[in-house]
Amino acid sequence: MIVRWLVILAAVLALARGASAADVVVWHAWMGAEEAGLVAAAQRFEAGGGGRVSLVAVPFGVFDAKIETAIPRGNGPDVVIAGHGGLGKWARMGLFEPVDDLVIAPQMPVAEEAMRWEGARYGVPLAYKTLVLLYDPAQVAAPPKTTDELVALARSLAGDGRYGLAYEAGAAFYHAPFMHGFGAAMWQDGALSRLDTPAHAGALGLSARLAALGPTRPSSERIGQLYREGKAAMVISGPWFVADLGRPIAAAPLPIVSETGQPARPYLTVDGAYVTRGPNTDAARAFVSFLAGEASAIVRRDVGGQAVTTLGVSADDPVRTALAAQAAVAVPMPSDPKALMAWEPLNKALRQTQRGAASPEGAAAEAQAWLELLTRPPPEPASPTPYLMLVGVLGLLAVGRVAQRLSSVELRGQIAAHRADYLWVAPAALAVLVLVVAPFLVGATVSLFAHYEGSWTFVGLRHFADIVLSRDWPITSPMSFPFTLAVTVLWTITNVFLHVTIGVALALVLREPWVRLRAVWRVLLIVPWAVPSYITALIWRTMFDAQYGAINAVLSLVLGHPVELDWFARFSTAFAANLVTNTWLGFPFMMVIALGAMQSIPRELEEAALIDGAGYFTRLRHVLWPLLRPAMLPAVVLGSVWTFNMFNVIYLVSGGEPDGATEILISEAWRWAFSRGNRYGYAAAYAVVIFGVLFVYSRFTNRLLGKRVL
Amino acid sequence: MRPNPVVVALAHVGLVIVSLVTLYPVLWVVKMAFSPGQGFSVGLWPIPSSVTLEHFAAVLGTTASDGTWLFGRQLLNSLVVSGATSLLGLVLATTAAYALSRWDFPGKEPGLGAFLVTQMFPGVVMSVPLYLLLDLLGMLDQLAGLVLVYATTAVPFSVFTLKGYFDTIPRDLEEAAMLDGAGRVRTFVTIILPLARPALAVTGLFSFMTAWNEFVLAATLLGDPRSFTLPIVLQRYVDDYGAAWGSFAAGAIVVSIPVVALFFALQRHFIEGLTAGGVKG
Amino acid sequence: MAGIQLRSVEKRYGDTWVLRGIDVSIADGEYVVLVGPSGCGKSTLLRSIAGLNDITGGAIHIGARDVTRVSPRDRNVAMVFQSYALYPHMTVRENLAFPLKIRKDPPAAIQAAVAEVAGMLELGALLDRLPGQLSGGQRQRVAMGRAIVRRPDVFLFDEPLSNLDAALRHHMRVELKRLHRRLGATVVHVTHDQVEALTLADRILVLHQGVVQQVGPPRELFDAPANTFVATFLGSPAMNLLPGRVDDAGLSVGGVALGWVDGVGKAVRGDVTVGLRPTDVVAAAPSSAAGASPWVGAVDVTESLGAEALLHVEIGPHKLVVQVPEPSPWRAGAQVQVVPRRVHVFDPGSGRRL
């Protein structure tokens with residue numbers, strides 16, 4: 001029977017396997033109208049006899065990781081469409097074919113320039129993105145010319161749930177125009193600039209003032225919503241904002257910074273199409289040059305709403321006209337991988353000043369210190385010899401021990417007698433060994449290397465020393481390992497405590513025969529477990545929104561006055577938000593376990609205690625709980641391990657705010673791997689440390705309980 | 001032992017409140033899915049003011065550039081991957097758990113320990129090594145590769161749960177079967193597996209959910225939209241430049257329905273299956 | 001059908017002996033009951049015959065075949081477990097058919113065999129029920145039926161009646177006896193209940209601490225127990241054991257000379273352990289001349305069993321249980337004269353019968 005099932009399974013899998021027969025495979029991360037424009041352009045290309053094109057929309061979150069792993073191994077697409085900010089890194093990794101000789105329609109010079117890296121041209125420009133001042137013509141007669149005017153106008157338009165200006169003030173990309181307007185920079189002349197200059201401090205101060213005009217910590221969709229409802233008179237955003245608004249919108253270049261008299265200069269990113277290294281370059285080159293051409297540009301403009309870079313395709317509406325004017329003063333986004341390192345410190349400084357947690361000067365100084373840590377040269381290579389020797393000795397010892405044990409005739413006899421038993425375990429053991437243990441060991445080995453701008457250096461245990469001894473930060477800093485560990489432990493304990501308490505309490509009620517509709521309650525109460533957690537975590541995040549979240553609405557109702565608590569501005573409240581979300585997610589599991597455990601405890605015991613005169617709580621304390629505890633313990637240990645590594649909730653709800661204080665070890669590891677210059681080695685060391693902590697914990701609980709729990 | 005009416009009333013009121021709190025966030029998803037527009041809803045009450053099915057139509061009707069019904073294809077992918085994952089996961093886990101529950105072979109204790117230790121591996125950092133591994137095995141971009149990874153990830157917890165359950169099945173039954181002439185495999189298939197149905201249901205469901213909800217690995221390992229699973233699709237609705245909450249919510253409901261339905265169909269097995277209640281002869 | 005030979009069977013875990021030197025032949029068609037207190041190894045021995053345990057030494061033959069290394073499934077033995085081990089997810093019919101299905105008997109033959117057994121055990125009305133829907137006695141019969149349906153060489157019963165109430169147990173005991181006569185099967189039956197052993201067995205095998213104490217027909221074990229263990233284990237109420245001495249004048253207990261009571265060998269001299277069944281004693285008023293015994297004591301407690309009564313008599317430092325017919329004139333505190341009719345004499349050191 002099993003064999004038959006496996007055959008069917010194999011057949012179904014073979015069927016469902018997506019085979020692609022296209023001539024050109026394209027990976028992109030455009031969505032919405034832009035994606036539609038690309039699809040339309042590709043259809044033109046196919047209609048013109050250019051061969052079949054397969055467009056793959058890759059989720060933005062995994063885009064970089066995906067192309068960086070797939071292309072070097074020959075599994076990548078023929079064409080990649082992406083912003084030029086990562087070009088330096090990708091060109092250095094050799095992902096793309098230079099296309100200096102490719103003749104394409106003339107493009108904006110700044111866009112052409114953006115496609116170059118170290119003298120070679122790597123792609124063709126398609127569209128650019130930059131920030132402009134968007135405004136509601138019904139509320140704003142004439143756009144402000146200076147930032148002072150902007151502030152004054154915004155103030156005059158605010159009130160009654162309406163805002164004069166709303167933009168994503170907490171993101172450095174939106175801060176950049178004012179930073180440049182103050183004469184400060186992140187990147188200049190091929191090197192990172194200092195972030196602690198007076199100009200930076202001034203710009204941070206301005207951003208804080210502008211942020212105060214809008215809602216707290218708004219997301220882009222929130223701003224869109226406000227605008228649609230006529231509650232945001234002015235918005236700083238780009239072409240993507242304009243789609244599907246259902247409300248008239250006008251645009252103007254960003255105002256002049258009053259303090260310096262200089263224009264605000266936003267970053268300009270160019271989305272380009274790159275030909276990857278591979279066998280299929282001819283078709284790919286044909287497609288990218290078509291994409292950059294006039295016909296494609298018109299389709300992308302009209303269907304996709306893009307601000308295209310092709311010269312001669314005029315901007316045909318006021319928003320794109322303003323974009324074009326803005327592009328003239330915009331600063332091209334640096335594409336050097338080193339430049340990426342400045343974003344996180346700047347983001348942090350921005351949020352600190354906007355929260356009022358630091359003065360602009362203080363925040364700028366801190367950002368500079370943080371930047372220096374991130375960009376310091378990689379540690380000195382260590383000599384691998386002692387490590388290899390150690391590994392060799394340990395390996396020999398292990399082999400020796402195994403050999404010694406196997407030399408026992410009795411053991412060999414037992415193994416032989418149980419030969420068939422091993423066959424039963426072998427498939428699972430082999431699968432786990434290959435697909436779980438091996439990747440982890442590879443990861444653990446990586447922790448001995450430093451990854452720095454694409455190259456690997458052997459550094460031995462250096463990362464572990466840095467992490468565990470917290471060499472880079474005082475242990476009171478949210479970035480330090482002891483701090484994060486403490487937060488993680490607090491996170492685990494509070495969560496498991498609440499899961500167990502709520503789960504057991506509900507189980508105590510639900511087991512009573514006099515409760516009506518028991519099955520209904522039981523079903524309703526396991527809903528959080530059944531709905532995928534990444535969906536509900538996102539919903540919880542929106543529920544904690546300061547102005548519009550349901551939580552504050554409930555609090556307002558209960559307390560009788562409006563509550564606009566910014567949950568993510570303080571550690572305590574941000575932690576509480578994470579905790580509430582994860583408690584909601586986790587109590588049903590414990591409830592089910594507790595119900596099951598209670599079913600196996602005979603009611604007679606409690607009845608005996610009742611007859612002995614024990615009250616309800618005495619019975620719980622002295623009869624039920626001692627019997628319940630052993631059944632709950634494995635679930636508690638397992639639950640604490642899961643909570644310890646609960647990445648989703650932290651990442652999706654608080655995102656580590658404020659300043660990484662609510663980050664736990666696993667999310668910290670993720671940041672090092674994917675958003676701080678791909679420090680894979682450092683992240684791997686974090687992972688090994690996490691494993692070590694959990695391992696010690698499990699041994700400790702086993703010993704404490706006198707049996708194997710985990 | 002029926003307590004006084006006040007306690008009974010209080011208990012029911014408490015249940016109503018807890019259930020409301022539990023359902024509140026879920027109702028938000030429902031509201032967003034049925035409300036026009038892509039913004040997320042504002043206010044206290046998660047009751048849609050006007051109802052539209054446009055998001056469902058848009059999400060369900062997604063087609064590829066060549067006109068094939070992409071959503072259907074992706075739904076099929078998700079179903080196939082998740083179904084195959086639970087099947088394969090069960091085959092791997094039941095055999096191992098049974099051996100670990102019944103026979104004392106050298107290396108059993110450390111082996112069981114090793115299975116459980118894998119639960120402590122931080123998953124986030126394993127996607128890149130896994131990618132390299134599947135590439136090496138030539139299983140990249142194939143649903144089979146994904147199934148293999150998911151099924152294996154689910155194995156340790158399944159072994160843990162199933163072993164606990166098998167431990168409660170009296171050995172007499174197998175001995176009787178053996179004396180009746182049945183071999184190990186036959187005993188396992190005809191006696192043990194039918195008796196372990198609650199635990200099989202629970203572990204099968206968990207493996208199903210592992211596969212059904214996962215998107216980081218899926219997005220990393222799959223390169224063709226026709227082989228994408230639904231979470232990748234769903235994730236794209238709340239990507240970078242502005243989130244399409246309406247579509248996301250509609251998609252979330254579509255994605256949740258099968259799991260929720262399975263949950264409710266199997267929920268009476270849960271309590272027994274997870275906590276290894278005894279088998280009554 | 002076939003007999004069973006156990007040849008120097010032994011079983012040990014490390015240094016712990018569970019069975020030692022078991023040498024027994026069970027004849028074809030014989031009903032043998034293994035008895036002993038819990039932990040004596042009787043279940044282990046039974047499971048060794050079934051092949052469910054490996055033995056660490058010796059050999060087991062069923063019929064002419066050495067099955068020591070044969071898998072249980074190929075030994076052609078059937079077992080009824082204490083828990084009955086009915087497959088809970090199968091109906092009674094499926095339970096009965098299971099061994100035949102595995103043997104790949106043709107469906108018609110299976111049906112016929114199941115019907116026959118169901119008729120024999122009056123299970124006809126229960127065939128489509130699940131074990132969970134049956135009473136204890138019904139389950140017991142199904143378990144029995146599953147064993148019978150295969151026509152095995154040997155039946156192994158592991159405390160099959162211990163989960164039944166007293167009335168049902170008695171009923172099933174009779175049923176078992178009838179069944180055995182009808183099938184003529186070789187049966188090995190484990191129990192800790194000596195009544196079961198005495199009533200059912202052709203021969204009883206008494207096991208203690210993994211060693212065979214005595215094998216023989218029930219009467220022989222009752223009348224001539226090989227040692228104090230067998231003597232006290234079989235028989236209810238249990239045999240009284242008292243320290244005594246045999247000299248030229250015969251037996252004396254606690255300094256009271258009792259003379260050459262029946263059962264005391266003429267050649268025996270010296271300290272002995274005296275075994276006295278409560279049924280082998282006559283109680284009389286101290287003054288009466290019934291046996292003119294010098295053995296007089298006070299009644300401590302009396303227990304009425306309906307047809308008989310038990311008197312707990314204190315004679316000096318010793319306590320003695322005496323069975324007397326009801327209605328009994330003895331009340332607590334009364335003086336009673338105790339007349340032994342027959343005694344068993346054992347070596348006080350080894351406990352062996354003298």
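Lettering follows sequence order; numbering is per chain, from 1.
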Calculate, to the nearest 0.5 Å, the distance between atoms [atom1] and [atom2] belonging to [X] and [Y] respectively.
{"X": "A:Leu538", "Y": "B:Leu234", "atom1": "CG", "atom2": "CG", "answer": "9.0 Å"}
{"X": "B:Thr22", "Y": "A:Trp529", "atom1": "OG1", "atom2": "CH2", "answer": "14.0 Å"}
{"X": "A:Ile535", "Y": "B:Ile253", "atom1": "CD1", "atom2": "CD1", "answer": "9.0 Å"}
{"X": "A:Asn645", "Y": "B:Met120", "atom1": "CG", "atom2": "CE", "answer": "10.0 Å"}
{"X": "A:Thr69", "Y": "B:Leu130", "atom1": "OG1", "atom2": "CG", "answer": "11.5 Å"}
{"X": "B:Thr95", "Y": "A:Leu423", "atom1": "OG1", "atom2": "CG", "answer": "10.5 Å"}

By a 4.5 Å heavy-atom criterion (distance strictly below it), what part of [X] contacts chain B: side chain, backbone, both, or neither?
{"X": "A:Leu506", "value": "side chain"}
{"X": "A:Ala70", "value": "both"}
{"X": "A:Leu510", "value": "side chain"}
{"X": "A:Gln599", "value": "side chain"}
{"X": "A:Trp672", "value": "neither"}
{"X": "A:Ala417", "value": "neither"}
{"X": "A:Ala426", "value": "neither"}
{"X": "A:Val434", "value": "both"}
{"X": "A:Val509", "value": "side chain"}

Under 4.5 Å from any heavy atom of chain A, what part of [X] do you find: side chain, backbone, both or neither?
{"X": "B:Val16", "answer": "both"}
{"X": "B:Leu221", "answer": "backbone"}
{"X": "B:Val233", "answer": "neither"}
{"X": "B:Arg184", "answer": "both"}
{"X": "B:Ile232", "answer": "both"}

Closest heavy-atom contact between [X] and [Y]?
{"X": "A:Pro427", "Y": "B:Leu92", "value": "CB-CD2, 3.5 Å"}
{"X": "A:Gly443", "Y": "B:Pro129", "value": "N-CG, 4.4 Å"}
{"X": "B:His12", "Y": "A:Arg516", "value": "NE2-N, 3.0 Å"}
{"X": "A:Trp521", "Y": "B:Ser19", "value": "CE3-OG, 3.3 Å"}

Legend entry - Side-chain donor or acceptor of A:His418 paired with backbone N/O of B:Asp104 under 3.5 Å: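 Yes, A:His418 side chain to B:Asp104 backbone: donor-acceptor pair under 3.5 Å.
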Looking at [options], which one has more heavy-atom pairs under 4.5 Å with chain B than the rest?
{"options": "A:Val523, A:Ile223, A:Val442", "result": "A:Val523"}
{"options": "A:Trp540, A:Tyr616, A:Tyr680, A:Tyr686", "result": "A:Trp540"}
{"options": "A:Val425, A:Ile415, A:Ile526, A:Leu435", "result": "A:Leu435"}
{"options": "A:Arg405, A:Arg419, A:Met543", "result": "A:Met543"}
{"options": "A:Tyr422, A:Trp27, A:Phe587, A:Phe63", "result": "A:Tyr422"}

Legend entry - Atom OH of A:Tyr534 with >12 non-hydrogen neighbours under 6.0 angstrom: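 Yes, enclosed.
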Inset, instruction - Show your working on side-chain contact (heavy atoms from CB on, under 4.5 Å) between B:Val260 and A:Val531 and close with a plain yes or no. - result: CA-CA 7 Å; B:Val260 174; A:Val531 183; 4.3 Å; yes
Inset, instruction - Could you give me the CA-CA distance, side-chain angles and deciding distance for A:Ile539 and B:Met32, then say whether side-chain contact (heavy atoms from CB on, under 4.5 Å) is met? - result: CA-CA 10 Å; A:Ile539 299 298; B:Met32 284 191 267; 3.4 Å; yes
Inset, instruction - Would you please classify the geometry between the A:Phe440 ring and the B:Phe121 ring as parallel, tilted or perpendicular, with 30° and 60° separating the classes? - result: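 Rings of B:Phe121 and A:Phe440: parallel, under 30°.
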Inset, instruction - Anything under 30° is parallel, anything over 60° is perpendicular, the rest tilted; go ahead and classify A:Trp424 against B:Trp103. - result: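 Perpendicular.
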Inset, instruction - State, with a plain yes or no, whether a side-chain heavy atom of A:Lys66 is found less than 4.5 Å away from one of B:Tyr131. - result: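 Not touching, per the 4.5 Å side-chain cut-off.
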Legend entry - B:Pro231 and A:Pro532, any side-chain heavy atoms less than 4.5 Å apart: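 Answer no - side chains too far apart.
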Legend entry - CA sep, side-chain torsions, deciding dist, call: B:Phe263, A:Val527, side-chain contact (heavy atoms from CB on, under 4.5 Å): CA-CA 9 Å; B:Phe263 241 80; A:Val527 163; over 6 Å; no
Legend entry - side-chain contact (heavy atoms from CB on, under 4.5 Å) involving B:Thr153 - partner list, sequence neighbours excluded: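 Here the qualifying residues are B:Val149.
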Inset, instruction - Not counting sequence neighbours, which residues clear ring-ring contact (aromatic ring centres under 6.0 Å, His included) with A:Tyr697? List them please. - result: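 Here no residue qualifies.
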Inset, instruction - Could you walk me through whether B:Leu132 and A:Arg73 pass side-chain contact (heavy atoms from CB on, under 4.5 Å), step by step? - result: CA-CA 9 Å; B:Leu132 303 183; A:Arg73 276 159 206 89; 2.9 Å; yes
Inset, instruction - Pick whichever of B:Ala252, B:Gly14, B:Ala96, B:Pro25 has the most heavy-atom pairs under 4.5 Å with chain A. - result: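 Winner by heavy-atom pair count: B:Pro25.
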Legend entry - Aromatic ring proximity, centroids under 6.0 angstrom, A:Trp642 and B:Phe157: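 Yes, the ring centres sit under 6.0 Å apart.
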